[in-house]
Structure formats: structure tokens, C-alpha cells
Enquirer: 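This structure is in C-alpha cells; I'll ask about it shortly.
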Amino acid sequence: MPSIELPDGKKLKFKEKVSGLKVAETISKSLAKEALLMSVDGDLRDLNFEIEKDSSVKIFTPKDKEGLETIRHDTAHILAMAVQELFPGTQVTIGPVIDNGFYYDFSRKEPFTENDLKKIEQKMMEIVDRNEPTHREVWNRKRAIEHFKKIGEKYKSEIIKDIPEGEEVSIYYHGKWHDLCRGPHLSSTGKIGKNFKLTKVAGAYWRGDSKNEMLQRIYGTAWSTKKELDEYLKRIEEAEKRDHRKLGKEMDLFHFREESPGSVFWHEKGWSLFQKLISYMRTKQNEGGYKEINTPEILDRALWEKSGHWEKFGENMYTSTTPDEKIFAIKPMNCPGCIQVYNQGLKSYRDLPIKMSEFGKVHRYEPSGALHGLLRVRAFTQDDAHIFCTEDQITEECLSVTNLILEIYKDLGFENVILKYSDRPEVRVGDDHVWDKSEAALLKAVKASKLEYSVNKGEGAFYGPKIEFVLRDAIGRDWQCGTLQVDLNLPERLGASFVDKDGSKKVPVMLHRALFGSLERFIGILIENYAGKLPFWISPLQVMVIPISEDFDNYAKEVNKKINNIGISSEVDLKNHNLNYKIREHSLSKIPLLLICGKKEVDSNTVTIRRLDSNKQENMELKRFLKKITALNKAPSN
RNA sequence: GCCCUUGUAGCUCAGCUGGUAGAGCAAUUGAUUUGUAAUCAAUAGGUCCGCGGUUCGAAUCCGUGCGGGGGCACCA
């Protein structure tokens, strides 16, 4: 006589054990039709699980997160089923749900082709149409291991071996096909619907370990309605349009080439953008009390050994052997060089905090497969700074870094920032009381920022806790950019010290911080965030002056000169093309302001403005226009 | 680094199962002198990523190297 409590508090009484489907039917016919799975006292269950005792039950439909995830999970099963029907002998491994979809990893000698993907997709549709019923069995683990071994599924038997002793080994059948699975699943293959699509094939290591065999992973996306699927595919398409590699080429900002994989060849316009960002940062940092320094790109191996980099990151460092056989390393980080600057001369507690910034170009030998446009390169410029301070100054300094970072992100159009705070890892250096202090100081800064934050336990650096700044772009993607780390280790290793009040020498705390992280990467993110339509003040080419015909060339040239004279980048288009053509061309190249000059403008000493992405026209006196763009040419916070 | 995939004109791409290359845009020249997203015409433009092999003959097939892309692993 189970009594079933529903989420709204209502109670249903049944004479005998009852399936989830029955419960749904009792509530309403439409719910029964929509129902996919349920939770019983918080545990997710199949709809045909029979409830025997009093419990609270919630029924899930495709509208619920649980419902959608189960659809995706089932689709992964159908994928495996289809693959094994089409390609006998293929071994199955795991097939989890991920953001927006699912994947399944297979072991098979021949690679899956794009064409196979289509065939598999068709077969999956067929299986949905067959509407095969699902049923669940619980097996004895020994039997399960032997069974999967016998049918040649060595990965599955390995997985079962790893299931903890106390847990049930459940097997799900969809028709005759069966798979080891925790469940829950939909009651039949027809319930999945057809709003899925296989998206790509890729390699993936068994158990995510590069020492293991490489499997073939098939990715797919699945949704509860056709509309959602289409919207998702549309989103992907939109993201592709924003790809900074594509836009970078179209906008003539930079290129890559074989001679130096992972290093940027900046074109005039890209470099101008780069310089604008640096000069903006300089202003902000000077206001914040930073002093800019610059340290060598190439430093003796001995320094890297002393700092610990040689041992820990040696494999990713570029080195250079001189004709007299000395080994130097090209810096992968700026900190050791910065500490050497700090080490010049005696420092007193009265000097602290000392904030040294450096736009340092660093080189890291990244694995070839990791390279990705501007987002992952082998040579990049950090907007780095190191703050030397006392333990007591940590909180205040962290706070000011956080404020600076937020202001800068905001200026560049990112208002949505979240923080990731990581505290002490198991393997670490330094006394616990210093860790206590620095963790508390950092956390205080995090809280004071009033931003959403997550705590990543034990994920700090071995030398200190850290905050990572994650910004969300215009289409909802998260990018980790800034970082702030408390370092209790490096200053000591490299012999940094200051004279304290009592006359004794002490080791300063060092804060590492980067706001953009890598200028190169940040520019990539900026381009994608704005889909190439950069704000006026950082746009590399800000104005294009367009004479309507040859007769107005001189006026246009004059206007162009005046704009350039006030430090705004402008060009004049004297080509023999009609106005429509020029507007199209310069709009596509994402120039923020187009100035049209014809008879009307010459006669009245005005210009007609057309803004990017607007077909409105605005006529204005030239003088007023110059004033206006002078104001526009500043960062919002300046 | 690993798996798959890919490399043709400045750009985007076509080129079936082998017979030494083609389009659109851009460029150049000429005509047109244009009022808010492509005016018309002509011309020129190629070591088909590099190296090696198979073949009478290779952009095409095979091997190998380098680069790009999608993932995995990595990301101080």
C-alpha cells in the first residue's frame, strides 16, 4: 500500500506496488504521454520501476533538465546500438552526456568516416522507428564480467571490475541489444524522438590517459524538440562566423605561417589594435601605482634551475646554446627577471608595496595539437605585474587588483565576470600559518568584489592560492583570462628581501597578476565577442572618408587629414567605385565610421556619418564631428 | 604528442575512376563620376605545400616531411 507524495504535496495511495508510468497516468493522461523518467526519494529511476513503499516521487518530462539529459543518454545508447549493427566487431566503451549532447567512444580498427556518420545517423532513426522496448536486469558481477569478456567487450568488463563491490551491476536492454549502464533510461527507443544529429568523429584516449589506446569518439547533439535542435545548430553557425581566425584574415589583422607555427605575424592593423590595448593598460596601471619595467628575453639556465622552472617546465621551454656552449632559456615567464630587478639595491618595508609591471613576451613550446589561432600560441605577450608586499598588505593589494581588473574588463565590454578561487593543494611549500593568512586575504578580496565565485578546493598553485577571472562573452561563452596568485615561494628561492621595522631582513610576499593574461589571446576573445565590430576607441582603422565622385576628392582628403591630425586613424577611399560599392566594402571590413563627402558636404563644410551596422545618416559640421570623435576615442572609464 | 581530416591563383572554392588546371571576388587597364551594402568590359595572374616513389604520363595513386582544421592529452 505505497503512498506516493508528489512535489506539490499531494498524496496518492495505491493498493499494491506501482510503476512510475502508472503514477503519471493517475495524475493526468497528458503527463503520462510526456513522462520520461522519475525520481523516487531523490533517486532517478526508469518509469517502469515499481515503487513498493511510501515515497516521494517526481515525474520528469522533456522540459526538465533530467528529462533532456536522459534523452541524450538514450541517444548515446542508440548510437552504440546502431554502430554495432552496422559495424559488427566494434567494441563499446563509455557514452556520457555532455553540454548540448553526448558522445560515445568505440574501439575499432578502421576509422569512421563522415559518410559512416550519415549511415549511422540513418540507422539510429531506424532504431527509433522500431520503438524497441527497454528493460533492466541486475546481474551478478562475476557473471557480467565473464559475459562481456566472452562477447569480446573487454572495455566493458574492465569497467565492471571498477564498480564498487556494494553497487548493483545493471544491464539495459533495448530490444535484443544490451549494455552495461547505471540508467535510468526511457521506456523504449521511440521515446527519444529524432531531434539529434551526429556532429563529429575524433580520437580520444581510453580513460583519458595518453598512455592508453586511442579510441574513436563520435559526438552528437540531442534535444527534446526540433526547434531546440535547429536553434543549437544555428548558434554553432553564428559562433563560426565570429571565429577570430576567419575575421583576422578578413580584417587584415594578422596571419600565421609555417615558418613559425603558433607565432603571430601581426599586420599593421592588428598591431595597431595591440598597441592601443597596451597604451590603455599603461594608463590604467600608472594610475594604479605600477612602475613598468622590462627584462631580458633570454636568461641563463642557472636562473631557471634556481627558480625551479627548469625542473618543472623544462620540457616546454625553448633553449639556445651559444657558440661557446652556454645554455640559455628563452623566458616562458617574466617573474624571475622581475625579481632580479627587485633585488637591485636594498628595499625597506617603507618601500612596500612595490608594483612592477611588464609587457613581457614569453615563449612556451606548446604541443602542436594544442595550437589554436590566437587563443593558444607559442609566443605571447603577458600584461604581467608582480607586487612585492608584506603579509599584512595582501588583502588590500588583492582588492586593488580585483578592482582594476573589473574596470578594465568593463571598459572592453565584459560586464559579466565570475571568479574561481583555489586554495592550498596537498603538495605545497610554505608554513601553514602563512597559507592561512594568504588564503583568508584572497578570499576577503573575492567576497569584496561581490561577484559570483566558485571555490576549487586544493587547486591552488604549489606556491600559493589563486583567483582566476572568468569573463562571459556576448554569446555566452566563458573565457578564463586574468589571474592573481599569491606566491610564498619564489621570492625566497631567488633571494628577495626587505629590511623590516626591527632592522631584520625578511622575505616579501609576491603577488603575480595578469589582467588580460595573454594580449594575443585577449585580442582573439575581443574579436569573437564583438564579431569583429570593435568599439571605436580600439578599432585599428576608425574612420573611412568616402568622396562621392572625383570632384570631391580634395575635400575628402582635407577632412581625412584633419582627422589624422587629432590622432584618430582615418583613410580616404579615392578609388573609382560607386558609393554603394564603397559602403559595402568598408562595412564588411568593419570600420566603425564612414564619412560621406559630396556636394552637399563641401558646400556646408559638413560630413555625413554612417555608423557600422546602421543605415541611418547623420549630417554634422566638420568641427563638431572632430570634437565628437575626440571624446569617442577614449576608454569609457577615462 | 596521439587519432581523424585537410593543403589548387591574393581570398573563397571547383577539378569523376591518372592525360601537365578552372570559376567568382580581389588586382591591373579602359569606360563610367556615381548620394548609402557589389557599374560594365578587357587583361594579367599557378613550383596544384615540400621531398621521394609507382607510371609512357601524377594536382589526382603510394610513402614521407611540414602546415592547417576537429577532438583527445597538455595548458607553469
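Residue numbering restarts at 1 for every chain, and letters A, B, ... go by the order of the sequence lines.
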Enquirer: Quick one: what's the B/S/- string for nucleotides 6-11 of chain B, heavy-atom cutoff under 4.0 Å, read 5' to 3'?
Expert: -B---S
Enquirer: Holding to side-chain contact (heavy atoms from CB on, under 4.5 Å), I want the full list of residues that pass it with A/K457, two or more places apart in sequence or in another chain.
Expert: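 Testing A/K457 for side-chain contact (heavy atoms from CB on, under 4.5 Å), a comparison that skips the adjacent residues, returns A/D423, A/V455.
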Enquirer: Would you kindly give the NE2-to-P distance between A/H255 and B/U12, to the nearest whole Å?
Expert: 13 Å
Enquirer: Expressed as a whole number of angstroms, how long is the span from A/L374:CG to B/G69:P?
Expert: 11 Å
Enquirer: Watson-Crick or G-U wobble partner for B/C72, using a 3.5 Å limit on both distances?
Expert: B/G1
Enquirer: Residues of residues 601-613 of chain A with any non-hydrogen atom less than 4.0 angstrom from an atom of RNA chain B: list those, numerically ordered, please.
Expert: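 Residues of residues 601-613 of chain A that come under 4.0 Å of RNA chain B are, in numerical order, A/E601, A/T608, A/R610.
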Enquirer: Mind checking who B/U28 pairs with, Watson-Crick or G-U wobble, both distances under 3.5 Å?
Expert: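 Check on B/U28: paired to B/A42, both distances under 3.5 Å.
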Enquirer: Rounding to a whole Å, what distance do you find between A/E550:CD and B/G30:P?
Expert: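 My rounded result for the distance is 12 Å.
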Enquirer: Grab the OH-P distance between A/Y555 and B/G35 for me, whole Å please.
Expert: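 One finds 18 Å between P of B/G35 and OH of A/Y555, rounded.
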Enquirer: Taking only the P atom of each, what is the distance from B/G53 to B/G71 in whole angstrom?
Expert: 38 Å
Enquirer: Counting only heavy atoms and a strict 4.0 angstrom limit, can you tell me which residues of residues 511-521 of chain A come near RNA chain B?
Expert: none
Enquirer: Mark yes or no: A/R72 above the aromatic ring of A/W223, with NZ or CZ under 6.0 Å from the six-membered ring centre and no more than 45 degrees from the axis.
Expert: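 Yes, A/R72 lies over the aromatic ring of A/W223.
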Enquirer: State whether A/E250 and A/K246 are salt-bridged, where the test is any N-O pair (Lys NZ or Arg NE/NH1/NH2 against Asp/Glu carboxylate O) under 4.0 Å.
Expert: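 Yes.
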Enquirer: Quick one: which residue pairs count as a salt bridge (charged side-chain N to carboxylate O under 4.0 Å, His left out) with a foot in residues 374-384 of chain A, not counting sequence neighbours?
Expert: A/E366-A/R376
Enquirer: Can you see whether A/F265 has A/R257 sitting over its ring - NZ or CZ less than 6.0 Å from the centre and within 45° of the normal?
Expert: yes
Enquirer: For A/H386, give me all partners under ring pair (Phe, Tyr, Trp, His ring centres under 6.0 Å), at least two apart in sequence or on another chain.
Expert: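 By the ring pair (Phe, Tyr, Trp, His ring centres under 6.0 Å) rule, A/H386 matches A/H512.
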Enquirer: Does A/H267 have its ring centroid less than 6.0 Å away from the ring centroid of A/F254?
Expert: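 Ring-ring flag for A/H267/A/F254: false, centres at least 6.0 Å apart.
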Enquirer: Please give the distance between the P atoms of B/G10 and B/U28 as a whole number of Å.
Expert: 15 Å
Enquirer: Does A/A385 have any side-chain contact (heavy atoms from CB on, under 4.5 Å) partners at least two apart in sequence or in another chain, and if so, which?
Expert: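 A/A385 satisfies side-chain contact (heavy atoms from CB on, under 4.5 Å) with A/Y290, A/S357, A/R513 once adjacent residues are dropped.
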Enquirer: Does A/R301 make a cation-pi contact with A/F328, if we ask for NZ or CZ under 6.0 Å from the ring centre and within 45° of the axis?
Expert: no
Enquirer: How close or far is atom C1' of B/C25 from atom CD of A/E250, stated in whole angstroms?
Expert: 13 Å
Enquirer: Please assess A/F102 against A/Y104 for the test ring pair (Phe, Tyr, Trp, His ring centres under 6.0 Å), listing each intermediate value before the final yes or no.
Expert: CA-CA 7 Å; A/F102 59 90; A/Y104 209 112; 8.9 Å; no
Enquirer: Please give the distance between the C1' atoms of B/A21 and B/A14 as a whole number of Å.
Expert: 11 Å
Enquirer: Please test A/L79 against A/I120 for side chain to side chain contact (heavy atoms under 4.5 Å, CB included), starting from the C-alpha separation and ending with a verdict.
Expert: CA-CA 7 Å; A/L79 164 61; A/I120 296 167; 3.5 Å; yes
Enquirer: Return no unless some side-chain N or O of A/R245 is found under 4.0 Å from OP1 or OP2 of B/G69.
Expert: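 Checking A/R245 against B/G69: at least one side-chain N or O falls below 4.0 Å of OP1 or OP2.
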Enquirer: With a 3.5 Å limit on both atom pairs, tell me what B/C51 is paired to, counting Watson-Crick and G-U wobble, or say none.
Expert: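 The answer is B/G63, by the H-bond criterion.
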Enquirer: Could you give the CD-to-C1' distance, from A/E618 to B/U36, as a whole number of Å?
Expert: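 My rounded result for the distance is 14 Å.
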Enquirer: Could you tell me how far apart A/D116 (CG) and B/U5 (C1') are, to the nearest whole angstrom?
Expert: 14 Å
Enquirer: Can you name the residues that form a side-chain contact (heavy atoms from CB on, under 4.5 Å) with A/R424, not counting sequence neighbours?
Expert: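 Only A/R428, A/D432, A/W435, A/D436, A/E439 meet the side-chain contact (heavy atoms from CB on, under 4.5 Å) criterion with A/R424.
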Enquirer: Evaluate whether atom CD of A/E585 has more than 12 neighbouring non-hydrogen atoms of other residues, nucleotides or ligands under 6.0 angstrom away.
Expert: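 Counting neighbours around CD of A/E585, more than 12 heavy atoms of other residues, nucleotides or ligands fall under 6.0 Å, so yes.
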Enquirer: Could you tell me how far B/G18 sits from B/U55 if I compare only their P atoms? Round to whole Å.
Expert: 16 Å
Enquirer: According to side-chain hydrogen bond (donor to acceptor under 3.5 Å, both in side chains), who are the partners of A/R245, at least two apart in sequence or on a separate chain?
Expert: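 Residues passing side-chain hydrogen bond (donor to acceptor under 3.5 Å, both in side chains) with A/R245: A/D243.
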Enquirer: Say we look at B/U8 and B/C49: how far apart would their C1' atoms be, to the nearest angstrom?
Expert: 10 Å
Enquirer: Determine the interatomic distance between C1' on B/U60 and the same-named atom on B/G15; round to the nearest Å.
Expert: 9 Å
Enquirer: Report the base-pairing partner of B/G18 (Watson-Crick or G-U wobble, both distances below 3.5 angstrom), or none.
Expert: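 Looking at the geometry, B/G18 pairs with no nucleotide.
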Enquirer: Not counting sequence neighbours, which residues clear side-chain contact (heavy atoms from CB on, under 4.5 Å) with A/R584? List them please.
Expert: A/L588
Enquirer: Going by number, which of residues 577-600 of chain A have a non-hydrogen atom under 4.0 Å from RNA chain B?
Expert: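 Hits under 4.0 Å, by residue number: A/N578, A/L579, A/N580, A/Y581, A/I583, A/R584, A/S587, A/L588, A/I596, A/G598, A/K599, A/K600.
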Enquirer: Validate the cation-pi geometry between A/K312 and A/F462: distance from NZ or CZ to the six-membered ring centre under 6.0 Å, angle to the ring axis within 45°.
Expert: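 Yes, a cation-pi geometry.
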Enquirer: With rounding to the closest Å, how many angstrom separate the P atoms on B/G57 and B/U20?
Expert: 14 Å
Enquirer: With C1' as the reference atom in both, quote the distance from B/U43 to B/U64 in angstrom, rounded to an integer.
Expert: 41 Å
Enquirer: If you count every heavy atom of other residues, nucleotides or ligands that lies below 6.0 Å from A/K269 atom NZ, does the total exceed 12?
Expert: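 Atom NZ in A/K269 is packed in, count exceeds 12.
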Enquirer: Determine the interplanar angle of the A/H309 and A/W304 rings, folded into 0 to 90°, and report it as parallel if under 30°, tilted if 30 to 60°, perpendicular if over 60°.
Expert: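 Ring orientation of A/H309 relative to A/W304: perpendicular.
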Enquirer: Go nucleotide by nucleotide along RNA chain B from the 5' end; which of A/R257 and A/L215 gets its closest nucleotide reached first?
Expert: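 The answer here is A/L215.
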Enquirer: Which letters describe nucleotides 71-76 of chain B, given B = protein heavy atom under 4.0 Å from base, S = only from sugar-phosphate, - = neither?
Expert: BBBBBB
Enquirer: Given atom CD1 of A/I218 and atom C1' of B/C3, what is their separation to the nearest angstrom?
Expert: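 After rounding, the reported distance stands at 13 Å.
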